[in-house]
Amino acid sequence: MKRSGWRYLWKSEDIRKKLLITLLLLAIYRFASNIPVPGIDREVVKQLTTATGAAGSLINLLDLLSGGAVSRFSILAMGVYPYITAQIILQLLQPIIPALERKMQEDPRGGRIWMEKWTVFLTIPMAALSAIGQINIFNSMLGGNSVLSNFGFTGAKLLPTLASLFTMIAGTMLGVWLGQLISEFGIRNQGLSLIIFAGIVSRIPQNLYALVTDEQTRWLIFIVIAILLLTIFAIVYIQQGRRFVPVMFPGRRIGNRMSMPVKSNLPLMVNMAGMIPLIFAQSFLTFPAILASFFMNSKTEWLANLAASTTQTFSGDSTWYPLMFFFLVVLFSYFYTDVLFAQQNYGDNLKKQGAQIPGVARGAPTQRYLTKVQRRITLPGALSLGIIAVMPYIFGAFLPMGASQAGIFLVSSSGLLIVVGTVRDTFQIIETELKLHGYEDRLIS
């Protein structure tokens with residue numbers, strides 16, 4: 001009989017401490033997401049939740065990304081997405097600026113510290129830009145009403161406006177700080193993923209309840225369950241995909257004898273980037289609507305029309321939105337995979353070990369060969385990820401009006417990709433921690 005090492009999960013004091021810290025910090029984040037921004041008009045905020053059309057789709061999308069904080073207009077209404085946007089900008093600059101790329105290659109640890117520091121610095125202006133953009137978008141949707149009773153940058157409205165903006169920026173930085181604390185003292189390297197995961201999961205009971213209680217969509221519960229199971233299977237199947245590249249390791253000298261070379265395999269993942277492309281794509285698509293919000297009330301007619309058109313295009317209700325979403329998921333899958341793969345530097349590492357891929361020279365040629373193989377196997381993984389991401393829009397075209405927002409969009413696809421990916425990564429990290437503490441699966445008689 002096989003006895004699982006997971007039965008010792010709560011017995012290990014170190015692992016138990018990390019789990020409790022993680023749960024406590026997530027509880028603090030969820031509590032903070034219910035604290036409203038000072039000066040909000042609650043009656044006006046209620047109108048946001050009943051908005052329809054492109055406006056309603058955009059609000060529902062932002063509400064999904066923030067875990068319901070937008071509908072309450074809390075201090076965490078922007079979530080941690082300004083931080084993710086800052087990460088995207090700095091990673092896009094890395095291949096463009098040679099000095100930055102050399103710094104990351106020559107001193108990976110120092111480069112990561114530098115990148116984390118400047119990502120935090122860049123998050124502050126990105127959060128300010130996002131906060132003003134969100135308020136402008138909501139005000140334009142409400143036909144002149146304002147979610148903040150004293151919003152403006154002139155006269156007596158200046159100080160209340162600055163107080164509200166600083167509060168929203170502080171909320172984003174609080175979310176980022178809690179995520180970093182989770183990565184450092186809780187489940188390592190999973191802080192921000194768990195923050196986003198907690199927001200998405202918190203919406204699932206509410207949407208399932210809406211799906212079951214609505215007579216028009218009650219019959220969809222069976223379709224939702226079927227889609228959930230199929231999507232989970234597809235996500236796990238893609239995540240487990242590997243391409244094994246044969247590698248020959250040199251024999252070792254044992255006394256006066258030389259052992260035979262050892263044949264092994266180098267596993268390359270079909271989806272090396274995981275769920276990061278999805279998070280990047282969602283952050284990227286919300287940014288143009290936020291920028292456009294600054295010009296919605298422009299006195300120049302063509303500029304105001306362009307801003308309104310941009311907001312409608314980048315809302316979840318637009319025909320172009322799923323196409324752009326699919327394209328960006330595929331694009332970011334390749335981009336992030338290239339960044340991660342270059343950091344691994346398999347060519348030099350295999351050369352230092354004396355290992356060689358049969359028929360390929362050591363060093364740079366090995367790295368080029370493995371990069372070519374990795375890009376080829378990334379194609380099916382990226383396309384599958386993109387198809388799963390836009391699945392709600394495909395099903396939404398054949399289902400009754402409002403059915404996708406009644407449960408399918410928020411329970412499956414994009415939200416489910418993040419949930420399943422985070423759960424899978426978290427379980428792997430916990431399993432590794434158990435093995436490091438000596439708690440492995442054992443066969444007992």
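Just so we're clear, the structure is a prediction, and the values are computed from it rather than from any experiment.
Legend: residues meeting side chain to side chain donor-acceptor pair (under 3.5 Å) with Asn349, ordered by chain and number and at least two apart, are absent. For Leu323, the side chain to side chain contact (heavy atoms under 4.5 Å, CB included) partners two or more places apart in sequence, or in a different chain, are Trp320. Tyr334 meets the ring pair (Phe, Tyr, Trp, His ring centres under 6.0 Å) test with no other residue; sequence neighbours excluded. Among residues two or more places apart in sequence or in another chain, the side chain to side chain contact (heavy atoms under 4.5 Å, CB included) test is passed with Leu25 by Ile21, Ile28, Leu178, Leu181, Ile182. Applying the salt bridge (charged side-chain N to carboxylate O under 4.0 Å, His left out) test to Asp425 and every residue at least two apart in sequence or in another chain returns nothing. Contacts of Thr123 classified as side chain to side chain contact (heavy atoms under 4.5 Å, CB included), with partners at least two apart in sequence or in another chain: Pro82, Tyr83, Ala86, Thr119, Thr172, Met173. Ser74 meets the side chain to side chain contact (heavy atoms under 4.5 Å, CB included) test with Ser33, Ala69, Leu76; sequence neighbours excluded. Residues that satisfy the ring pair (Phe, Tyr, Trp, His ring centres under 6.0 Å) test with Phe31, not counting sequence neighbours, are absent from this structure. Qualifying ring pair (Phe, Tyr, Trp, His ring centres under 6.0 Å) partners for Tyr346, counting only residues two or more places apart in sequence or in other chains: Phe341.
A salt bridge (Lys or Arg N to Asp or Glu O under 4.0 Å) check over residues 177-194, counting only residues at least two apart or in different chains, returns the pairs Arg188-Glu433. Note on residues 329-340: pairs passing salt bridge (Lys or Arg N to Asp or Glu O under 4.0 Å), not counting sequence neighbours, are Asp338-Arg375. Each salt bridge (Lys or Arg N to Asp or Glu O under 4.0 Å) pair with one or both residues in residues 160-176, not counting sequence neighbours, would appear here, but there are none.
Of the N and O atoms on the side chains of Gln428 and Thr432, not one donor lies less than 3.5 Å from an acceptor on the other residue.
Between the OG1 atom in Thr426 and the CG atom in Leu19 there is a gap of 10.0 Å [rounded to 0.5 Å]. Note that CD of Gln180 and CD of Glu116 are 7.0 Å apart. Values are rounded to the nearest 0.5 Å. In this structure, the separation between NZ on Lys17 and CG on Leu20 is 10.5 Å, given to the nearest 0.5 Å.
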